[in-house]
Number of protein chains: 2
Amino acid sequence: MEEEKRTVRAVERALDVLLCFASGHEWGLTEIAGRIGLHKSTVHRLLATLEDKGFVARDAATEKYKLGLSVLELSANLSRSDDPSVVLLPEMERLRDRLSETVSLYVRDRNERVRIQAVQSTQAIRRVATVGARLPLSVGASSKVLLAFAEAGVRGVVMADAAWPAHLDREAFGKQLDDIVAAGYATSFEEREPGAAAVSAPIFNRSGKMVAALSVSGPSNRLTPDRMHEHAPAIIEAAHRMGTILG
Amino acid sequence: MEEEKRTVRAVERALDVLLCFASGHEWGLTEIAGRIGLHKSTVHRLLATLEDKGFVARDAATEKYKLGLSVLELSANLSRSDDPSVVLLPEMERLRDRLSETVSLYVRDRNERVRIQAVQSTQAIRRVATVGARLPLSVGASSKVLLAFAEAGVRGVVMADAAWPAHLDREAFGKQLDDIVAAGYATSFEEREPGAAAVSAPIFNRSGKMVAALSVSGPSNRLTPDRMHEHAPAIIEAAHRMGTILG
DNA sequence: TAACAGAGTTTCATGTAGTGAAACTAGCTT
DNA sequence: AAGCTAGTTTCACTACATGAAACTCTGTTA
């Protein structure tokens with residue numbers, strides 16, 4: 001299948017280089033080249049360009065490459081005042097205080113979900129959720145919410161994608177999504193990572209479009225299936241209230 | 001002067017497109033093309049590539065382009081635990097509480113300074129400082145600190161750059177920097193923006209290298225020249241304490 | 001309802017400019 | 001001194017980015 005490309009290869013590669021730094025630590029040139037399968041000299045030129053524009057910088061001590069301050073400049077403008085991740089924060093904290101578990105907010109971005117906001121449980125044993133993390137759409141309570149309540153056609157597109165796990169029975173999964181629509185919320189128990197469980201409900205804006213999934217997650221010994229269903233009404237109610245906050 | 005280029009043009013252009021979004025709001029394709037002087041079709045291809053990698057996204061309602069969530073993913077990893085902007089925050093808040101003015105932290109990035117952290121004054125009339133902002137190195141108290149205490153050679157390079165304002169007498173400016181080194185701090189009074197004033201002191205790490213400039217800023221009627229010099233010892237002391245926190 | 005305008009998208013011939021092999025440098029280890 | 005690793009620079013080749021122009025939409029004007 002000859003997919004028509006209307007993108008710029010050099011830029012794609014440069015962005016791949018940049019995304020290497022999503023994992024946090026610093027990289028040497030050769031490490032990066034090996035990781036994305038490009039020649040040293042190519043990566044060198046790309047890094048020089050990224051450095052020139054301030055997107056990467058070299059650590060003074062280690063000589064390795066790390067993220068530059070232009071990223072900070074951009075991210076400062078990412079959270080505008082009308083951004084859900086900002087305006088919903090107080091409500092998320094209320095829910096956290098009520099249930100004493102970590103509360104996260106997810107949106108769908110193509111075939112993945114992204115955690116755009118999180119408030120941590122204050123308990124000693126807790127799930128630690130990092131903002132900005134990208135996770136698969138095939139597992140986890142909020143994945144199922146993001147697919148179940150998505151606009152028509154989204155399910156099909158996402159599940160048809162090459163990235164979708166082949167072993168997953170699409171028909172059974174679709175049935176499960178229909179059940180979630182009926183129930184109004186989804187749960188997951190040790191689905192994505194062992195020892196963790198979550199409940200999730202959709203947030204709709206005033207025009208009835210789902211904009212995010214609100215999720216409560218914690219250790220599976222505390223968030224038992226029973227306990228999760230008990231929590232569900234509170235989460236749905238919070239999600240509803242959040243929806244009314246949005247424009 | 002034939003500057004040897006070892007950068008990739010297509011990538012440079014793509015990053016310029018991305019940096020358009022540093023100013024916050026959304027842009028149409030043609031707007032961007034006009035702004036950076038590129039052809040519509042070129043910008044279209046670059047935006048398609050950026051969109052594909054999640055660096056920009058299109059607003060569902062307005063159809064315009066805005067920053068994508070990959071930026072969030074990157075910025076989440078910017079503030080690591082050893083990051084000055086994180087570990088110094090408590091000290092900055094203490095200083096803010098003591099002086100009741102906005103406290104900022106600046107680092108030098110090539111020919112500019114970047115505000116990497118800020119805590120706002122709680123007073124009704126206050127300077128509002130946005131994190132990530134890039135400002136010129138030629139004006140402002142912290143600019144002068146960042147140049148005065150920089151490693152040997154930096155002054156010359158920065159002031160020789162094309163971006164340096166031509167009208168500024170380099171010799172007089174250099175003299176001023178020497179005075180600042182002697183005093184240990186710098187002030188500015190309505191220098192960059194009318195009605196604003198600031199005091200700034202350098203933060204040195206354990207090996208004696210300056211890593212940032214700590215700055216206290218506010219309205220010029222409250223931060224009079226006299227008042228600023230009164231504040232200086234407290235700021236220098238805070239900067240010194242911050243230095244010991246760093247590795 | 002046709003004509004126009006303005007924004008976004010696609011096509012395609014052209015030659016610039018990005019590519020990767022290889023050579024080179026510099027710093028460490030054996 | 002030889003070997004190794006990581007980063008940097010050079011250069012011939014042609015793949016690929018480029019921009020003019022054509023085209024599609026959608027909304028506006030006459």
Side-chain angles (χ1 to χ4, degrees), chain A residues 1-21 23 25-68 110 153 157 207, chain B residues 1-21 23 25-68 110 153 157 207:
Chain A
M1 49 201 289
E2 277 286 326
E3 269 297 316
E4 274 299 324
K5 287 224 162 188
R6 31 188 141 268
T7 53
V8 180
R9 194 180 57 162
V11 176
E12 274 192 326
R13 292 173 163 186
L15 297 178
D16 283 337
V17 169
L18 201 48
L19 285 172
C20 281
F21 298 97
S23 33
H25 48 103
E26 304 171 350
W27 299 85
L29 184 150
T30 317
E31 274 177 304
I32 298 175
R35 215 175 119 90
I36 36 183
L38 291 175
H39 264 258
K40 282 200 299 181
S41 58
T42 304
V43 174
H44 184 254
R45 252 175 290 121
L46 296 176
L47 279 171
T49 314
L50 288 168
E51 187 180 11
D52 194 57
K53 295 287 177 188
F55 283 81
V56 304
R58 311 193 70 165
D59 188 280
T62 65
E63 287 269 287
K64 296 198 167 203
Y65 290 91
K66 59 178 183 177
L67 281 182
R110 301 170 158 267
V157 173
S207 39
Chain B
M1 46 199 287
E2 276 288 325
E3 269 296 317
E4 275 299 322
K5 285 224 162 188
R6 29 189 140 270
T7 54
V8 180
R9 192 181 57 160
V11 175
E12 275 193 325
R13 290 172 163 187
L15 297 178
D16 283 338
V17 169
L18 202 48
L19 285 172
C20 280
F21 298 97
S23 32
H25 49 104
E26 304 172 350
W27 298 86
L29 186 151
T30 316
E31 274 176 304
I32 298 175
R35 216 175 118 90
I36 36 185
L38 291 176
H39 241 263
K40 280 199 304 179
S41 59
T42 304
V43 173
H44 182 253
R45 251 175 291 121
L46 296 176
L47 280 171
T49 314
L50 289 168
E51 186 180 11
D52 193 58
K53 296 286 177 188
F55 283 81
V56 304
R58 312 193 67 165
D59 189 280
T62 64
E63 288 268 286
K64 296 198 168 204
Y65 290 91
K66 59 178 183 179
L67 280 182
R110 298 168 162 270
V157 173
S207 40

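Please read all numbers here as calculations on a predicted model, not as lab measurements. So you know, we letter chains A, B, ... as the sequences are listed, proteins then strands, and number each from 1.
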Taking only the side-chain nitrogens and oxygens of [X], find out if one of them lies under 4.0 Å from OP1 or OP2 of [N].
X     : N      : value
A/R45 : C/dG18 : no
B/H44 : C/dT9  : yes
B/T30 : C/dG8  : yes
A/T42 : C/dT19 : no
A/R6  : C/dT9  : no

I need the [atom1]-[atom2] distance between [X] and [N], as an integer number of Å.
X     : N      : atom1 : atom2 : value
A/W27 : D/dG7  : CH2   : P     : 13 Å
B/E63 : D/dG27 : CD    : C1'   : 14 Å
B/Y65 : C/dA7  : OH    : P     : 14 Å
A/L29 : C/dT25 : CG    : C1'   : 15 Å
B/E31 : C/dG6  : CD    : P     : 14 Å
B/E12 : C/dA17 : CD    : P     : 11 Å
B/L50 : D/dA17 : CG    : C1'   : 15 Å
B/I36 : D/dT18 : CD1   : C1'   : 15 Å

query = Is there a donor on the side chain of B/R58 or the base of C/dG8 sitting less than 3.5 Å from an acceptor on the other?
reply = no
inquiry  = From the set C/dG20, C/dT19, C/dT11, return the single nucleotide nearest to any side-chain atom of A/A10.
reply    = C/dT19
message = Among C/dG20, D/dG19, D/dT8, which nucleotide has an atom closest to any side-chain atom of B/R13?
response = D/dG19
request  = Walk me through it: do B/R13 and B/V43 pass the test side-chain contact (heavy atoms from CB on, under 4.5 Å)?
outcome  = CA-CA 8 Å; B/R13 290 172 163 187; B/V43 173; over 6 Å; no
To check you understand the geometry: which heavy-atom pair defines the closest contact between [X] and [Y], and what is its length?
X     : Y     : answer
A/R6  : B/R45 : O-CG, 3.5 Å
B/L46 : B/A10 : CD2-O, 3.9 Å
B/K64 : B/W27 : CB-O, 3.5 Å

task = Could you tell me whether A/D16 and B/K53 make a salt bridge, using a distance below 4.0 angstrom between a side-chain N and a carboxylate O?
result = yes
key: Residue mapping more 5' on DNA chain C - nearest nucleotide basis, A/R9 or A/K40   = A/R9
